[in-house]
Undergrad: 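Once you've had a glance at the structure underneath, I'll fire off some questions.
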Amino acid sequence: MIKSKKYIAATAIAFATVACTGFAASSDITVAMQLEPPHLDPTSAAAGAIDSVLYSNVFEGLTRFASDGAIVAGLAKSWDISQDGTEYTFHLRSGVQFHDGTRMDAEDVKFSLDRARAEDSTNAQKALFSGIADVAVVDSTTVKITLDKPNGSFLFNMAWGDAVIVAAESIEDIKTNPVGTGAFIFQNWVQGDRIELARNDNYWGSAPALESATFKFISDPTAAFAAVMAQDVDVFTSFPAPENLPQFEADPRFQVLEGSTEGETILSTNNKMPPLDNVKVRKAIAHAIDRQAIIDGAMFGYGTPIGTHFAPHHPDYVDLTSNSQHDPELAKKLLAEAGFPNGFETTLKLPPPSYARRGGEIIASQLRAVGIQAEISNLEWAQWLEQVFRGNDYGLTIVSHTEPMDIGIYARPDYYFQYDNPEFQSLITDLNATTDTEMRSEMLKKAQNIISKDYVNGYLFELAFTTVADAKVRGLWKNAPTQATDLTGVSWSD
Amino acid sequence: MMKYRSLIAGACLSLIVLIAAAFSFAWIPYDITQLSIPDKLQTPNWNHWLGTDHFGRDILSMIMVGARTSLAVALLAVGIGMGIGVPLGLAAAAGRGAFIDEVIMRTNDLIFAFPSLVIAILITALFGAGAMNAIVAIGVFNIPVFARVSRGAALSLWQKEFILAARVSGKSKLRISAEHILPNLTNLLIVQGTIQFSLGILAEAGLSYVGLGAQPPTPSWGRMLADAQTMVSFAPHLALIPGSAIILTVLGLNLMGDGLRDALDPKLRKSRQ
């Protein structure tokens, strides 16, 4: 009798286990990505990996990016803009709770924005908040924000991951225990391996289909390939080895989503380092480069050529690739005119991503063909940030600028391009003060033209956003209008 | 003839690599500084005997020039090890038991205790990646090997009658080391040098594999392997060819080292006859 009882118990457990795994397949998901966040506070670091995990899943802002890049309502359900464009009155959704059970109200919005724009703020995108003169609480669900001058991109600015709403009650531990208002609650972070999220049953919006989600961090491209092939992960966003994508495409177990990013991949040039301070030399470099060879050779065909620092899928984009057509003879002529008939030597410092390492070898070979000797050195990210980004100790480098609408960086003479053009700077100042859509569009086009004609950097291609996923996963973002892995609309097809 | 077969096989393999490397100075099938993306990832064919890599470069040309890199780095590293290690070993043997012996040999023990490739990675990471630093990093770890080998052999020589005769005739320790001990170590050093040479090639490939050896566009076998890593599943020749080059070279040098030891060792020579 005892024996049979044991048997029944064992069978029951076995059945329960089977039932659980069968059930789990359709309610949880494992998403892999290459970079692990350094900590979990999106409002105090530039690391895009933080947003890749937390944006929209855990943290939300007043407005938000939709999957097509449009700005839609977030925690604010609607807003009124005063006639002169300097007063924004946001009407918040009622009944929104933070994950710790406290209410999200106008005080939290004021706290978040005041914290971000404060003197001692560590926000990585302080420029987003620079125009805010005052944040006033009207009542518990109404906030009035006063700007010192009209700002046409204010709603866009408020959608960034750096502008999400946080609570004073939980700000202390935000770096290890992020508490937001999103559809998923942070559970656990095993550093070096994974972050676990669980569904928020008190979510204000429509409940997500997934019960739990795990983000895994796999930096090595070979390991990434193996993890997807073995189906250890269900989704891999920004898959690091484009050469492996055709294999996934051919495999019925997987789907490959190819979309756009906001990542302008450029040959950044130190505009103050001779001889690169000479526009003719920079123009020669631009004409020495064959973009298509780089896209085919480094990215295996994934990527769109660009001729300026602007995303090609944006309505205001101007195709300026003709300013820098591949023309080695013209490049040689320009070098001779600039006083370098036999070329010159410079450095080409490359960060780890394959677009930079492979693209660098191709560019070095193309530059060599016109007489420019670019000495390659491969750097780790920390070295790159120190030497190139902060130290300005470089001639050329390759990097992808992934922030959306970031042409304004060219108006910063201290930025690592070292590009100092007062005309461009005043144009950007005017642009920021303009709310009229058509005028803004004209100004953006003018800005694109200026940097293209000044050959500030070599403009290579717009990075493609490639996601490999299990064929049964639905609702993933195809494009990456901002760095995010929004799981609120993700489900399994069976 | 039969008793030298490993020597002959090893010498043949090593000679092929040496000739390929030397020949590459004069002529290679294709210019490897020119990338040709449209020709990428070809399998071996009549135009490209070993196929092309992901940049459309001819792999045979890459292997030939890569052999140059490997041999040069390994040779200079062995040179550093021998040049510094042997005099140290001789000095330690000459001053047997004295302070100098202790200092030299304990320092050697210390260097020996470190995992060599890991320290080589540390050195190149600190002083920058590149062929020169790789040579120094690998060379440093050859020093204790040569110091130990030469000290051990020199110690037994110091007991020999002809050395005693030299001492009695008033020669200084320095002169005896240089004129009598060193010549008698030649065979030993050739054998040890060959083995260290093969280890040097492996170490160079390892450093290049992690990106700390010769920097692009200088081709190196280790980096060819690293570049091929994500493409193994659809273009296995990219990894197989440089991998085979490394294996055959190291195998050849090891066989040659073993063969040389057998051939040059008078005791073994006698016992075989």
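Here is the naming used below: chain letters follow the sequence lines, and residue numbers restart at 1 for every chain. The shown structure was predicted, so the numbers you read here are calculated from the model rather than taken from an experiment.
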Undergrad: Do the non-hydrogen side-chain atoms of B:Gln215 and A:Leu350 ever get within less than 4.5 Å of each other?
TA: no

Undergrad: Non-hydrogen atoms of chain A under 4.5 Å away: do they reach the side chain of B:Leu212, the backbone, both or neither?
TA: neither

Undergrad: Kindly check if the number of other-residue, nucleotide or ligand heavy atoms within 6.0 Å of CH2 (A:Trp381) is above 12?
TA: yes

Undergrad: Can you give me the closest heavy-atom contact between B:Ser233 and A:Phe225, atom names plus distance?
TA: OG-CZ, 3.7 Å

Undergrad: Quick one, A:Gln366 with B:Gln34, criterion side-chain contact (heavy atoms from CB on, under 4.5 Å). Give me CA distance, side-chain angles, the key distance, then yes/no.
TA: CA-CA 8 Å; A:Gln366 292 172 351; B:Gln34 283 304 331; over 6 Å; no

Undergrad: Would A:Arg368 and B:Leu35 count as a side-chain contact (heavy atoms from CB on, under 4.5 Å) if you check the C-alpha gap in whole Å, the side-chain angles of each, and the deciding distance to 0.1 Å?
TA: CA-CA 11 Å; A:Arg368 212 176 299 123; B:Leu35 312 186; over 6 Å; no

Undergrad: What part of A:Asp290 lies closer than 4.5 angstrom to a heavy atom of chain B: side chain, backbone, both or neither?
TA: neither

Undergrad: With the side chain counted from C-beta on, respond yes when A:Ser354 and B:Thr230 share a heavy-atom pair under 4.5 Å apart, and no when they do not.
TA: no

Undergrad: Taking CD in A:Glu386 as the centre, count heavy atoms belonging to other residues, nucleotides or ligands within less than 6.0 Å. Is the count above 12?
TA: no

Undergrad: Can A:Glu243 and B:Lys40 be counted as an ion pair, charged N to O under 4.0 angstrom?
TA: no

Undergrad: Is the closest side-chain heavy-atom distance between A:Ser365 and B:Thr33 below 4.5 Å?
TA: no

Undergrad: Is B:Phe127 atom CZ crowded by more than 12 heavy atoms from other residues, nucleotides or ligands, each under 6.0 Å away?
TA: no

Undergrad: Is A:Gln247 close to chain B through its backbone or its side chain, or both, or neither, when contacts mean heavy atoms under 4.5 Å?
TA: side chain

Undergrad: Step by step, would you call A:Phe300 with B:Met231 a side-chain contact (heavy atoms from CB on, under 4.5 Å)?
TA: CA-CA 12 Å; A:Phe300 287 73; B:Met231 301 174 207; 3.9 Å; yes

Undergrad: Can you tell if the side chain of A:Arg358 reaches within under 4.5 Å of the side chain of B:Asp227, non-hydrogen atoms only?
TA: no

Undergrad: Give, as side chain, backbone, both or neither, the part of A:Arg357 having an atom under 4.5 angstrom from any heavy atom of chain B.
TA: neither

Undergrad: Is the count of non-hydrogen atoms from other residues, nucleotides or ligands lying under 6.0 Å from A:Gln373 atom CD greater than 12?
TA: yes

Undergrad: Less than 4.5 Å to any heavy atom of chain B: does that hold for the side chain of A:Ala293, its backbone, both, or neither?
TA: both

